[in-house]
Undergrad: 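Below is the structure I would like to discuss, written out as structure tokens.
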Amino acid sequence: MAWRSAVTAVLMLQPRTALLTTRGPAASYGTSITSAKIQVNGVNLHYQQTGEGSHAVLLLPGMLGSGQTDFGPQLKSMNKKLFTIVAWDPRGYGQSIPPSRDFPPDFFERDAKDAVDLMQTLMEEVISKEILFPCWVKIAQNHPQNRGAATSSQALKFKKFSLLGWSDGGITALIAAAKYPALIHKLVVWGANASVTQEDVRIYNGIRDVSKWSEKVKKPLEELYGHKYFAETCEAWVDGIARFAEKPGGSICQQLLPHIQCPTLIIHGEKDPLVPRFHAEYIHEHIKGSRLHLMPEGKHNLHLRFAEEFNREVEEFLR
């Protein structure tokens, strides 16, 4: 299977952050943030990893996002004794280039498969377990199915993991949870939508021209991608996601929501200018047993602006 592809790179330094360290003793994984690439589905996917807890969590970024740009407060401050945290760069984003990012009709499904296969690869590969990820040994040993058994790639593949998805990453997480229910432990999404309305298309066209973005938001992305790639990819994203509005009901993944079986937390910022509240309410109404948490002052980037409150709410839910 695709997730059994070999590890293609060992730990490497990422030049834009001083938090990353070269490979060292297992104990260093408790506080450091490490970076690597691994081949999944024919693409070298970049990810960051931190913590040594028995609960594995994958962070899924938004449009043009990466672990570096989208999840700094989570990588730095979430409980590293309870969680092993992985933040990935989807293909064409962050340091998972090449390939260049494109937006075929199934780009969310493609990202969902890549994300799940990435986690499967990290948990199955003997090389990654013994060299890159000594913490996966603890994860496997702490799992009820594996206690008292020898740790192996075969045992590791049965471990579940949780998903934290923001914006486009939230849509990807919804699809992954619906399509791969046996692998997903818990799900948290915010700034996500299961459909695209004509009002959404109007909002998306409002951000098409990146020259009109605020300098605070634009600068790190221009530094990461260069202006040309940044601008062209944003335009392509607007065209790609707007096409969902042409489908019946504007559905992206509405039909999949009832298939989500894991405990689910939907967080919504009441001042989000990009995703109206009805999207969060729709997701909540169509995922059985889900919880909806509203943040009155939260905007689209609520996990960055109110990181302490967000991390506390998420950690309590994941426990």
Side-chain angles (χ1 to χ4, degrees), residues 60-65 70 90-93 99-115 163 165-179 187-214 217-218 221 225 229-260 264 266-287 290 292 294 298-303:
L60 299 93
M63 182 263 286
L64 279 162
D70 287 13
R91 62 172 70 200
Y93 286 164
S100 296
R101 183 69 180 186
D102 62 351
F103 300 94
D106 65 342
F107 72 91
F108 282 120
E109 284 80 4
R110 181 183 64 185
D111 283 349
K113 179 171 173 52
D114 282 349
L163 301 174
W166 176 36
S167 196
D168 270 21
I171 300 171
T172 300
L174 290 169
I175 294 171
K179 288 196 166 186
L187 172 66
V188 181
V189 297
W190 65 104
N193 47 299
S195 65
V196 175
T197 67
Q198 289 302 322
E199 174 62 15
D200 294 325
V201 173
R202 185 193 66 78
I203 294 172
Y204 301 151
N205 279 316
I207 63 171
R208 176 187 291 273
D209 183 354
V210 299
S211 68
K212 297 178 181 178
W213 289 27
S214 71
V217 175
K218 181 171 60 175
L221 293 172
Y225 295 112
Y229 188 92
F230 169 41
E232 291 178 352
T233 304
C234 182
E235 288 191 8
W237 174 84
V238 171
D239 292 337
I241 197 163
R243 284 195 293 268
F244 288 103
E246 301 168 4
K247 295 186 173 185
S251 178
I252 301 174
C253 60
Q254 289 176 322
Q255 75 284 1
L256 294 177
L257 299 183
H259 298 288
I260 296 176
T264 300
I266 302 112
I267 302 176
H268 181 71
E270 300 244 54
K271 295 185 177 180
D272 190 333
L274 298 178
V275 180
R277 175 172 168 169
F278 73 83
H279 282 302
E281 292 175 339
Y282 183 94
I283 295 170
H284 173 47
E285 290 167 4
H286 288 82
I287 299 179
S290 64
L292 175 61
L294 300 176
K299 296 184 179 180
H300 196 59
N301 64 344
L302 56 85
H303 66 298

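We count residues from 1, following the sequence as given.
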Undergrad: As an exercise, state the distance from CG of Leu60 to CH2 of Trp166, rounded to the nearest 0.5 Å.
TA: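 Rounded to the nearest 0.5 Å, the CG-CH2 separation comes out at 12.5 Å.
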Undergrad: Can you list the steps and then say if Asp111 with Ile175 is a side chain to side chain contact (heavy atoms under 4.5 Å, CB included)?
TA: CA-CA 9 Å; Asp111 283 349; Ile175 294 171; over 6 Å; no
Undergrad: Between Asp106 and Lys113, is the closest basic N to carboxylate O distance under 4.0 Å?
TA: no
Undergrad: Please round to the nearest 0.5 Å and tell me the distance separating atom CZ of Phe278 and atom CD1 of Ile283.
TA: 10.5 Å
Undergrad: Return the minimal non-hydrogen interatomic distance between Ala280 and Leu292, and the atom names on each side.
TA: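 Reported closest heavy-atom pair: CB-CD1, 4.0 Å.
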Undergrad: Please indicate whether Lys218 has more than 12 foreign heavy atoms, meaning atoms of other residues, nucleotides or ligands, lying under 6.0 Å from its NZ.
TA: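 Enclosed: over 12 neighbouring heavy atoms sit under 6.0 Å from NZ of Lys218.
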Undergrad: Output the distance between atom OH (Tyr282) and atom CD1 (Ile266), rounded to the nearest 0.5 Å.
TA: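 Taking OH in Tyr282 and CD1 in Ile266, the distance rounds to 12.5 Å.
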Undergrad: Could you tell me which non-hydrogen atom of Ala177 sits nearest to which non-hydrogen atom of Leu163, and how far apart they are?
TA: N-CD1, 4.3 Å
Undergrad: Among all residues two or more places apart in sequence or in another chain, which pass the side-chain contact (heavy atoms from CB on, under 4.5 Å) test with Asp168?
TA: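 Asp168 satisfies side-chain contact (heavy atoms from CB on, under 4.5 Å) with Met63, Phe107, Phe108, Ile171, Trp237, Ile241 only.
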Undergrad: Ignoring hydrogens, what is the shortest heavy-atom contact between Arg101 and Tyr229? Give both atom names and the distance.
TA: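 Nearest heavy atoms, Arg101 then Tyr229: N-OH, 2.9 Å.
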Undergrad: So do the side chains of Tyr204 and Val196 get within less than 4.5 Å of each other, counting heavy atoms only?
TA: yes
Undergrad: Please give me the minimum heavy-atom distance between Phe244 and Ile252, naming the atom from each residue.
TA: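 Result for this residue pair: CG-CG1, 3.8 Å.
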Undergrad: For Thr233, check side chain to side chain donor-acceptor pair (under 3.5 Å) against everything at least two apart and list the hits.
TA: none
Undergrad: Find the distance between CD (Glu281) and CG (Leu294) and round it off to the nearest 0.5 Å.
TA: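 If we round to the nearest 0.5 Å, Glu281:CD and Leu294:CG are 7.5 Å apart.
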Undergrad: Quick one: side-chain contact (heavy atoms from CB on, under 4.5 Å) partners of Ser195, sequence neighbours excluded?
TA: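 Listed in chain order: Gln254, His279.
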Undergrad: Report the distance from atom CD1 of Ile287 to atom OG1 of Thr264, rounding to the nearest 0.5 Å.
TA: 4.5 Å
Undergrad: Output all residues satisfying salt bridge (Lys or Arg N to Asp or Glu O under 4.0 Å) with Glu235, sequence neighbours left out; order by chain, then residue number.
TA: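 In terms of salt bridge (Lys or Arg N to Asp or Glu O under 4.0 Å), with neighbours along the sequence ignored, Glu235 is linked to no residue.
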Undergrad: Would you compute the distance between atom NE2 of His300 and atom NE2 of His268 and round it to the nearest 0.5 angstrom?
TA: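 Reported to 0.5 Å precision, the distance equals 10.0 Å.
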Undergrad: Would you call Asp102 and Arg91 a salt bridge, using N to O less than 4.0 angstrom?
TA: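 So Asp102 does not pair with Arg91 through a salt bridge.
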Undergrad: Can you name the closest pair of heavy atoms from Gly62 and Ser167 and give their distance?
TA: CA-CB, 4.1 Å
Undergrad: Kindly give the heavy-atom pair with the smallest separation between Gly191 and Asp272, and that separation in Å.
TA: CA-OD2, 4.1 Å
Undergrad: Any side-chain heavy atom of Ile207 within less than 4.5 Å of one from Leu274?
TA: yes
Undergrad: Apply salt bridge (Lys or Arg N to Asp or Glu O under 4.0 Å) to Arg243 and list each qualifying residue two or more places apart in sequence or on a separate chain.
TA: none
Undergrad: Val210: which residues meet the side-chain contact (heavy atoms from CB on, under 4.5 Å) condition with it, sequence neighbours left out?
TA: Trp213, His227, Phe230, Ala231, Cys234
Undergrad: Ignoring hydrogens and angles, state whether a donor on the side chain of Asn205 or Arg208 is under 3.5 Å from an acceptor on the partner side chain.
TA: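 Short answer, yes.
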